[in-house]
Amino acid sequence: MNFDFSDDQKLLRDVARRFLQERAGAREVRRVLEGEMPFHRELWQGLAEMGWLGTAVPEEYGGAGQGYLELCVLAEELGRTVAPTPFSSTVYFGIEALLLAGGAEQKQRLLPPLATGETIATLALAESTRAPTEANLETIVADGLIRGRKTAVPDGDVADLAVVAARDGGDGPVGLYLVDLNQAEIERRALKTVDPTRSHGEIVFKGAAAEPLGDGKDGWATLTRLLDRAAILFAFEQVGGGQAALEMAREYAMQRHAFGRPIASFQAVKHKLADMYVGVELARSHAYYGAWALSTDAAELPLAAAAARVSAADGFYNAAKENIQVHGGMGFTWEFDCHLYYRRAKLLSLNLGSQRRWKDRLVSQLEGRNAA
């Protein structure tokens, strides 16, 4: 049995890698990091022109109609270059929410501009520093109007459309709602994070119009399914970032000499590189399992998502951290690119909730499988 990607998917990977190396190298990432741009607009337009935003969107809604395996391939390459675009917010949250639970009219109206990059979307979930749960959400929707505050919203300062988790009528069940963020009844401000190349914002809803996503039922269950799907796609970004950090450390260790020989020949450095490799490959195996579960909508998807999330977050963070250590004192400087991957690793490890939350979910999924 072949668990690898197909030849066509590998060709897509090669094309994406060349495109992103030319258009999203470290110099371009630094343009966003050191400038005032919330994201790289030229790169975003390029991704739209390549048709990558609509990779998993059916052709009837203006997408490429390919599939999730192709989307996983692209996510890994975007992670390799720590691309400063709202790709994940728009595709993993906005498009996926509509594909998962949107009504026919909502898909027809909203998916085409998302697939072409005209609309940027996001998910508005967290309301404070505490983890959002079905019981503690305070944002409410009453009579079609939404009121409340969401914080740490990825690309919340630039998005046009938000999928918002809110409570129906204040004491009703949690639902998912589609909100146009360009309404006058909405206030937004940008937030500072450890990685300015992936902007975040705070959104205050003051009676803005909101429409239920799909039939408006089982909002929390739909949100859980959405986060599982996003976890697998983010895992591929983390695998790509971890692999890039590993390659950067290896190249530097091969070129840097001390005591008349490359530092890669020193046992301590070898051990670091070996640990980085093991972490990245473990994450890759779980991500591949997740890609299978996502592409087939398998019953194992929640388990695969939790395993991919935990291993990829750990693998990327360890690779980014040890990459700095292999570079020694130079690795801590602004001029070297090590910090670009460290920033992204820290950010991605928190964007879907803490590692503790996902480890608890992994344990509960394993217990449920064993009980069955």
Judged by atom type as modelled, is there a donor-acceptor pair below 3.5 Å linking the side chain of [X] to the main-chain atoms of [Y]?
| X | Y | answer |
| --- | --- | --- |
| His40 | Leu43 | yes |
| Arg167 | Gly172 | yes |
| Gln238 | Gly315 | no |
| Arg229 | Ala97 | no |
| Arg343 | Val194 | yes |
| Glu251 | Met248 | no |

Check the pair Arg80, Gln21 against side chain to side chain donor-acceptor pair (under 3.5 Å), reporting the backbone distance first and the verdict last. CA-CA 9 Å; Arg80 285 181 65 93; Gln21 285 175 345; over 6 Å; no

Let me check something: do [X] and [Y] share a hydrophobic cluster, defined by ILVMFWY side-chain heavy atoms less than 4.5 Å apart, either directly or through other members?
| X | Y | value |
| --- | --- | --- |
| Val239 | Leu273 | no |
| Phe39 | Met37 | no |
| Ile232 | Tyr317 | no |
| Leu347 | Leu78 | no |
| Leu352 | Val91 | yes |

Please table the atom pairs, donor to acceptor, closer than 3.5 Å between any side-chain atom in residues 363-372 and protein atoms at least two apart or in another chain.
residue, atom, partner, partner atom, Å
Ser364, OG, Asp360, O, 3.4
Ser364, OG, Arg361, O, 2.8
Asn370, ND2, Leu366, O, 3.3

Quick one: closest heavy-atom pair of Ala24 and Thr81, and the distance?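 Looking at all heavy atoms of both residues, the shortest contact is O-CB, 3.5 Å.
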
Do you know which of Val82, Leu74, Leu348 makes side-chain contact (heavy atoms from CB on, under 4.5 Å) with Glu237?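 Among the candidates, only Leu348 passes.
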
Under a plain distance cut-off of 3.5 Å, with no hydrogens placed, do [Y] and [X] share a side-chain donor-acceptor pair?
| X | Y | value |
| --- | --- | --- |
| Tyr68 | Glu96 | yes |
| Asp8 | Ser6 | no |
| Glu34 | Trp334 | yes |
| Thr133 | Asn136 | yes |

Roughly how far, to the nearest 0.5 Å, is the [atom2] atom of [Y] from the [atom1] atom of [X]?
| X | Y | atom1 | atom2 | value |
| --- | --- | --- | --- | --- |
| Arg344 | Ser349 | CZ | OG | 12.0 Å |
| Gln243 | Phe316 | CD | CZ | 11.5 Å |
| Ile324 | Tyr342 | CD1 | OH | 6.5 Å |
| Lys321 | Met276 | NZ | CE | 10.5 Å |
| Arg23 | Met50 | CZ | CE | 8.5 Å |
| Leu246 | Lys272 | CG | NZ | 13.5 Å |

Distance-only check: which donor-acceptor pairs under 3.5 Å involve side-chain atoms of residues 203-214, not counting sequence neighbours?
residue, atom, partner, partner atom, Å
Lys206, NZ, Glu187, OE1, 3.3
Lys206, NZ, Glu187, OE2, 2.6
Glu211, OE1, Gln106, NE2, 3.0
Glu211, OE1, Arg109, NH2, 3.2
Glu211, OE2, Arg109, NH1, 3.3
Glu211, OE2, Arg109, NH2, 3.1

Does any non-hydrogen side-chain atom of [Y] lie less than 4.5 Å from one of [X]?
| X | Y | answer |
| --- | --- | --- |
| Leu114 | Leu53 | no |
| Leu191 | Arg189 | yes |
| Val310 | His286 | no |
| Leu111 | Leu99 | yes |
| Thr90 | Thr122 | no |
| Ile263 | His257 | no |
| Pro86 | Trp44 | yes |
| Gln325 | Phe332 | yes |

Side-chain polar contacts of residues 140-148 - donor-acceptor pairs under 3.5 angstrom, sequence neighbours left out - could you list them?
none

How are the rings of Phe336 and His327 set relative to one another: parallel (under 30°), tilted (30 to 60°) or perpendicular (over 60°)?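 Because their plane-to-plane angle is over 60°, the rings of Phe336 and His327 count as perpendicular.
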
Please work out whether the ring planes of Tyr92 and Phe87 are parallel, tilted or perpendicular, with thresholds of 30° and 60°.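 Answer is perpendicular, since the angle exceeds 60°.
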
Do other residues, nucleotides or ligands put more than 12 heavy atoms under 6.0 Å from Glu105 CD?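 Yes, the 6.0 Å shell around CD holds more than 12 heavy atoms from other groups.
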
All N/O donor-acceptor pairs, side-chain side in residues 152-161, below 3.5 Å, sequence neighbours left out:
residue, atom, partner, partner atom, Å
Asp155, OD1, Arg198, NH1, 3.1
Asp155, OD1, Ser199, OG, 3.3
Asp155, OD2, Ser89, OG, 2.5
Asp155, OD2, Arg198, NH1, 3.0
Asp155, OD2, Arg198, NH2, 3.2
Asp157, OD1, Ser199, OG, 3.0
Asp160, OD2, Ile120, N, 2.9

Are [X] and [Y] ion-paired here, with the side-chain N under 4.0 Å from a carboxylate O?
| X | Y | result |
| --- | --- | --- |
| Lys107 | Glu60 | no |
| Arg250 | Glu247 | no |
| Arg149 | Glu202 | yes |
| Lys150 | Glu127 | yes |

Dump the intermediate steps for side chain to side chain contact (heavy atoms under 4.5 Å, CB included) on Lys346 and Asp195, then the final yes or no. CA-CA 8 Å; Lys346 291 290 287 184; Asp195 184 4; over 6 Å; no

Test side chain to side chain contact (heavy atoms under 4.5 Å, CB included) on Glu76 and Arg284 and set out the steps. CA-CA 10 Å; Glu76 182 174 352; Arg284 190 188 308 278; 3.0 Å; yes

Dump the intermediate steps for side chain to side chain contact (heavy atoms under 4.5 Å, CB included) on Trp52 and Thr55, then the final yes or no. CA-CA 5 Å; Trp52 292 344; Thr55 299; 4.1 Å; yes

For Gln45, all residues meeting side chain to side chain contact (heavy atoms under 4.5 Å, CB included), sequence neighbours excluded: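 Once residues adjacent in sequence are excluded, the partners of Gln45 under the side chain to side chain contact (heavy atoms under 4.5 Å, CB included) criterion are Glu49.
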
Check against side chain to side chain contact (heavy atoms under 4.5 Å, CB included), Leu69 and Leu12: CA-CA 11 Å; Leu69 293 180; Leu12 173 63; over 6 Å; no

Which donor-acceptor pairs under 3.5 Å do the side chains of residues 288-297 make with protein atoms, sequence neighbours left out?
residue, atom, partner, partner atom, Å
Ser295, OG, Ala291, O, 3.0
Ser295, OG, Trp292, O, 3.0
Thr296, OG1, Trp292, O, 2.7

